[in-house]
S.K.: 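Have a look at this one before I ask anything.
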Amino acid sequence: MSRNGKASAVIALCCTVAGAGLVGVGSVATAAADTVAVAGAQGRAHGGDVFTGTKKIKVDGKSVNVSCAGRPVRHQPVVVLLHGGGDSLETMAGIQQTLSEKNRVCSYDRLGAGASDQPDGPQSIKDSGKILTGVLDRVAGDAPVVLAGHSLGGLFAARYAPDHRDRVKGLVLMDATSPTQSADLINEVPASATGMAPELRDQTLAILKGDNPEKLVVPDGKVRSAGHIPVEVIKHGKQYLAAVPEYGQAMEDGWTKGQHKWLGVSSRSHLSVAKNSEHYIYVDQPELAVKAIQRVTAQVASHQA
């Protein structure tokens, strides 16, 4: 398996390795970032801070890099994009710009990612959730929110929503890391395995234990319900973990089972497959990702009206 293929496999299982730069995402991010230029529009809507472009805000004493685009629309939720591990808000700038034609859309760099401050030490999901709450207080105020997360950002969104039902009214999970990723890997790749598969297993397990830029520790856990909110779960359709000798197909099958597990986050969940996408669905098929987010925002809006 090539070095590129190995990196892609690790990404599919969890998130990007710090500094790897092996999957060509950097060039996409740089080009997309150019579409979100800083502008000076300031205002208040729903108690949130309305601005266009990027700015640094203070949350719990830390500087957090935030980007927003589009105007608030009555009864429409604010869409907040959550990047994958090892990425930054720049990687999602393309779909943010497209979505902003109809919705208010924001994204931010979690601590340890992009242009935000570094965390003081290891972070839990709860710790990172406090930063998200601070960002939502600032950019959304009391407006309803739709969280759209990719990979580790998808897992984070689905873990956050059940504890914030008053605010999170919809979810889009784009190839979200499995809620039982560590156990999945241990079951799929036994201790006796040799070759590429155990390397991928061990590298991913280390990432989940906090060996990542955010120092974020991601334990396995049950999927908790966020109620009856609209949720779209999107799985990649192009298999590439299957290229891992002997254990690749089992790893692909485990990933699929993980996507089905996320359906338990709501009684209104729907699973679809991005047939022409690998892990970065919003890069490979941006129109599909945009339409899914727009469907969820429309359902939330109809409930709010």
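Only a predicted model underlies this, so the values are computations on that prediction, with no experimental measurement involved.
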S.K.: Identify the two heavy atoms, one from Pro77 and one from Val146, that lie closest to each other, and give their separation to 0.1 Å.
M.R.: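 Heavy atoms of Pro77 and Val146 come nearest at CG-CG2, 3.9 Å.
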
S.K.: Using a cut-off of 6.0 Å, state whether more than 12 heavy atoms not belonging to Asp163 lie near its atom CG.
M.R.: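 For Asp163, atom CG is crowded (more than 12 foreign heavy atoms under 6.0 Å).
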
S.K.: Looking only at non-hydrogen atoms, find the nearest pair between Gly227 and Ser225 and report the distance.
M.R.: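 Nearest heavy atoms, Gly227 then Ser225: N-OG, 2.9 Å.
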
S.K.: Do Ser124 and Asp127 have side-chain atoms, one donor and one acceptor, less than 3.5 Å apart?
M.R.: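 Indeed, the side chains of Ser124 and Asp127 share at least one donor-acceptor pair under 3.5 Å.
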
S.K.: Specify the closest pair of heavy atoms between Thr180 and Gly221, including all atoms of both residues, with the distance to one decimal.
M.R.: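 That would be CG2-O, 4.2 Å.
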
S.K.: Have Ser178 and Lys261 got a donor and an acceptor in their side chains that come within less than 3.5 Å?
M.R.: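 Side chains of Ser178 and Lys261: no pair found under 3.5 Å.
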
S.K.: What's the spacing between Asp109 CG and Ser88 OG if we round to 0.5 Å?
M.R.: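 Those atoms lie 5.0 Å apart.
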
S.K.: Using 0.5 Å steps for rounding, measure from the CD1 atom of Ile95 to the OG1 atom of Thr98.
M.R.: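 So the gap between those two atoms works out to 8.0 Å.
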
S.K.: Looking at CG of Asp87 and OG of Ser107, how far apart are the two atoms once the value is rounded to the nearest 0.5 Å?
M.R.: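 Rounded to the nearest 0.5 Å, the CG-OG separation comes out at 12.0 Å.
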
S.K.: What's the spacing between Asp49 CG and Asp137 CG if we round to 0.5 Å?
M.R.: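 Here the interatomic distance stands at 12.0 Å.
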
S.K.: Does the side chain of Glu252 come under 3.5 Å of the side chain of His236 through a donor N or O and an acceptor N or O?
M.R.: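 Glu252 vs His236: donor-acceptor pair found between side chains.
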
S.K.: Output, in order, the C-alpha distance, side-chain angles, deciding distance and verdict of side-chain contact (heavy atoms from CB on, under 4.5 Å) for Glu278 and Gln239.
M.R.: CA-CA 7 Å; Glu278 292 190 350; Gln239 295 192 355; over 6 Å; no

S.K.: Can you give me the closest heavy-atom contact between Arg159 and Lys222, atom names plus distance?
M.R.: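 Smallest interatomic distance, heavy atoms only, reads NH1-O, 3.1 Å.
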
S.K.: To the nearest 0.5 Å, what is the distance between CG (Leu288) and CG (Asn276)?
M.R.: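 Atom-to-atom, Leu288:CG and Asn276:CG are 9.0 Å apart.
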
S.K.: Would you kindly confirm whether Val273 and Val231 end up in one hydrophobic cluster when ILVMFWY residues are joined by side chain heavy atoms under 4.5 Å apart?
M.R.: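 Per the 4.5 Å side-chain linkage, Val273 and Val231 are not co-clustered.
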
S.K.: Could you state the interatomic distance from CG (Leu152) to CG (Asn212), rounded to the nearest 0.5 Å?
M.R.: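 Spacing of CG (Leu152) from CG (Asn212) equals 7.0 Å.
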
S.K.: Should we say atom NZ of Lys215 is surrounded by more than 12 heavy atoms from elsewhere, each under 6.0 Å from it?
M.R.: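 Enclosed.
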
S.K.: Do Gln299 and Arg268 get their side chains close enough for a donor-acceptor pair, meaning under 3.5 Å?
M.R.: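 Result is yes, a qualifying pair exists.
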
S.K.: Ignoring hydrogens and angles, state whether a donor on the side chain of His279 or Ser151 is under 3.5 Å from an acceptor on the partner side chain.
M.R.: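 A donor-acceptor contact under 3.5 Å links the two side chains.
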
S.K.: Return yes if a side-chain donor-acceptor contact under 3.5 Å exists between Tyr280 and Thr91, otherwise no.
M.R.: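 There is no such pair (donor and acceptor under 3.5 Å, judged by atom type) between the side chains of Tyr280 and Thr91.
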
S.K.: Does one side chain, of Asp184 or Trp255, offer a donor that lies under 3.5 Å from an acceptor on the other?
M.R.: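 No pair is found: no donor N or O on one side chain lies under 3.5 Å from an acceptor on the other.
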
S.K.: Are Asp202 and Val189 side-chain neighbours, meaning at least one heavy-atom pair lies under 4.5 Å?
M.R.: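 Side chain of Asp202 against side chain of Val189, heavy atoms only: no contact under 4.5 Å found.
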
S.K.: Answer whether the closest heavy-atom distance between the side chains of Phe51 and Val66 falls below 4.5 Å.
M.R.: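 They are in side-chain contact.
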
S.K.: Do the side-chain N and O atoms of Ser67 and Gln96 include a donor-acceptor pair separated by under 3.5 angstrom?
M.R.: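 Per modelled atom types, Ser67 and Gln96 side chains form a pair under 3.5 Å.
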
S.K.: Do Tyr160 and Thr133 get their side chains close enough for a donor-acceptor pair, meaning under 3.5 Å?
M.R.: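 Yes, side-chain donor-acceptor contact under 3.5 Å.
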
S.K.: Considering only heavy atoms from C-beta outward, does the side chain of His150 approach that of Leu82 to under 4.5 Å?
M.R.: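 No; the side chains remain at least 4.5 Å from each other.
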
S.K.: Between Ser128 and Gln123, is there a side-chain donor-acceptor contact under 3.5 Å, judged purely by atom types and distance?
M.R.: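 Checked: Gln123/Ser128 side chains show no N/O donor-acceptor pair below 3.5 Å.
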
S.K.: Any salt bridge linking Asp142 with Arg167? Criterion: basic side-chain nitrogen under 4.0 Å from a carboxylate oxygen.
M.R.: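 Result for this pair is no, no salt bridge flagged.
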
S.K.: Can you name the one residue among Leu171, Val223, Ile229 that meets side-chain contact (heavy atoms from CB on, under 4.5 Å) with Ser266?
M.R.: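 Exactly one option meets the side-chain contact (heavy atoms from CB on, under 4.5 Å) with Ser266, and it is Ile229.
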
S.K.: Salt-bridge test for Asp284 and Lys238: reply yes if a basic N is under 4.0 Å from a carboxylate O, no otherwise.
M.R.: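 Judged by the 4.0 Å cut-off on N to carboxylate O distance, Asp284 and Lys238 do not form a salt bridge.
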
